[in-house]
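Inspection log for the structure reproduced underneath, given as structure tokens.
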There are 2 protein chains.
Amino acid sequence: MTLDSETKAVELPEHHGDELRLWLRLLTCTTLIEGEVRSRLRERFDVTLPRFDLMAQLDKVPEGMTLSDVSKRMMVSNGNVTGLVERLVESGHLDRRTSDVDRRVQVIRLTKAGRAEFRKMAAEHELWIADIFRDLTPKDVRELMRLLAKTKTSAQKSARARGDRG
Amino acid sequence: MTLDSETKAVELPEHHGDELRLWLRLLTCTTLIEGEVRSRLRERFDVTLPRFDLMAQLDKVPEGMTLSDVSKRMMVSNGNVTGLVERLVESGHLDRRTSDVDRRVQVIRLTKAGRAEFRKMAAEHELWIADIFRDLTPKDVRELMRLLAKTKTSAQKSARARGDRG
DNA sequence: CCAGATTTCTTTAAGTTTCAAGCAATTGGC
DNA sequence: GCCAATTGCTTGAAACTTAAAGAAATCTGG
């Protein structure tokens, strides 16, 4: 018993290396895919990933969203969205108007041109993603979906437990 | 048969929604965890995530690495590393010297102080990660590792097939 | 040896991102 | 109605990021 506790001493203060390796692998996968998508978007459509992401959010809601909504959905800061929207309005992709009921609120929508351009990009984008995940069987995909859902819940719980607000 | 092909028409041009949803979920998970780690690093140690990541790379290799090595390992651009290293040398965390054998090459290492500080941060960091993944069973972790490995390989293959270099 | 190609790193411009501070509008309690 | 707190957004500073172009050193094949 004494011997046993000695041999295991190195990993005694709890063994958390597996979770760390998992996190690094998750990060590597995402970085890899994100970089690939970013390259293709630039090369094929000369658009940045953040702009594409913002347009993707808006495409789902024809009646438009507030900046706060976008900010929450994209999980980025308010100030970030302000700047992104500014440039997309400038380039004619977005339409922006102040809410009638609350003059603090800015409602943004895709313009007709913006929507058309986004749909064109989104169609190709979907094929890229399919190609990137080509080696995964439908069962792999289902299983990953399940495990990532569990991961998300776990992470959210951990964040909430800490205090959540800085 | 004619009827069948008509009813399926909407999803005929290939069905790739599952992969897209999987990608979005993967991205959500990573963004969520990354944000949580970023917050904690700032709050607890007043350090940014990129600096922590760079120091983590260097901690694994006491004899030091070149900027190119770091750039490849972190999957970020060369210019990015140049700036990061500049600031970390400035703050005394990194030591930098020109290689004797190749005067283009800059070798960087953690200073004694830098290493001590990193080790302190890394110990807590590992606990945060363990907490974030708390709900996953050891089996879940193994399974995720396996599926993400497969995903990584698939994504790399897809990137290579495209041409890889922009 | 030498010219051209390659590699390593830096620089530049533009854009993204966060955090913190601040302003304006709204809401809620009294 | 009024004041305080909250909410929605903007601004400013600093840092991060990429892509592209450039400088310096090395390598390669004559």
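- The pair A:R38-A:E34 counts as a salt bridge, with a side-chain nitrogen and a carboxylate oxygen less than 4.0 angstrom apart.
- Shown for residues 88-96 of chain A: residues whose heavy atoms fall under 4.0 angstrom of DNA chain D, namely A:R96.
- Looking at heavy-atom distances under 4.0 Å, A:T48 makes contact with sugar-phosphate atoms alone, never a base.
- The distance from atom CG of A:L147 to atom OG1 of B:T137, rounded to the nearest 0.5 Å, is 8.0 Å.
- In this structure, A:E36 pairs ionically with B:R162, as a charged nitrogen and a carboxylate oxygen lie closer than 4.0 Å.
- Among all heavy-atom pairs drawn from A:D131 and B:S154, the shortest one is O-OG, 4.3 Å.
- The B:R103 side chain lies nearest to D:dT26 when the options are D:dT26, D:dC9, C:dG15.
- Between A:E143 and A:R146, at least one side-chain N (NZ, or NE/NH1/NH2) sits under 4.0 Å from a carboxylate O, which counts as a salt bridge.
- As a whole-Å value, the separation of B:Q106 CD from D:dA25 P is 11 Å.
- Atom CD in A:E86 sits about 11 Å away from atom P in D:dG12, given to the nearest Å.
- A:V101 comes within contact range of the sugar-phosphate backbone alone, with a heavy-atom separation under 4.0 Å but no base atom that close.
- Atom CZ of A:R73 is separated from atom P of D:dG8 by 15 Å (rounded to the nearest Å).
- Contact detail for A:P50 and A:L84: the closest heavy-atom pair is CB-CD2, 3.9 Å.
- Listed here is the closest heavy atom pair of B:I129 and A:W23: CD1-CD1, 3.5 Å.
- The separation between B:L41 atom CG and C:dT18 atom P is 15 Å, rounded to whole Å.
- Under the 4.5 Å side-chain heavy-atom criterion for ILVMFWY residues, no single connected hydrophobic cluster contains both A:L26 and A:L32.
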Could you write nucleotides 17-24 of chain D as a row of B, S and -, 5' to 3', where a protein heavy atom under 4.0 Å of any base atom gives B, of only sugar-phosphate atoms gives S, and otherwise -? SBS----B

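- One interatomic measurement links the two molecules: CG of A:D100 to P of C:dA25, which rounds to 15 Å at whole-angstrom precision.
- Computed from coordinates, the B:L49 CG to D:dC16 C1' distance equals 11 Å when rounded to whole Å.
- One can place CG of B:L54 at 10 Å from P of D:dC16, the figure rounded to the nearest angstrom.
- Between B:F52 atom CZ and D:dA15 atom C1' there is a gap of 18 Å when expressed in whole angstrom units.
- Interface residues of residues 58-68 of chain B facing DNA chain C, ordered by number: B:T66, B:L67, B:S68; criterion, heavy-atom separation under 4.0 Å.
- Between A:R115 and A:D59, some side-chain heavy-atom pair lies under the 4.5 Å cut-off.
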Pair B:R25, A:K152 - check side chain to side chain contact (heavy atoms under 4.5 Å, CB included), show working. CA-CA 8 Å; B:R25 188 165 293 184; A:K152 181 179 167 188; 5.5 Å; no

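- Heavy-atom neighbours of B:K112 NZ from other residues, nucleotides or ligands within 6.0 Å: at or below the threshold of 12.
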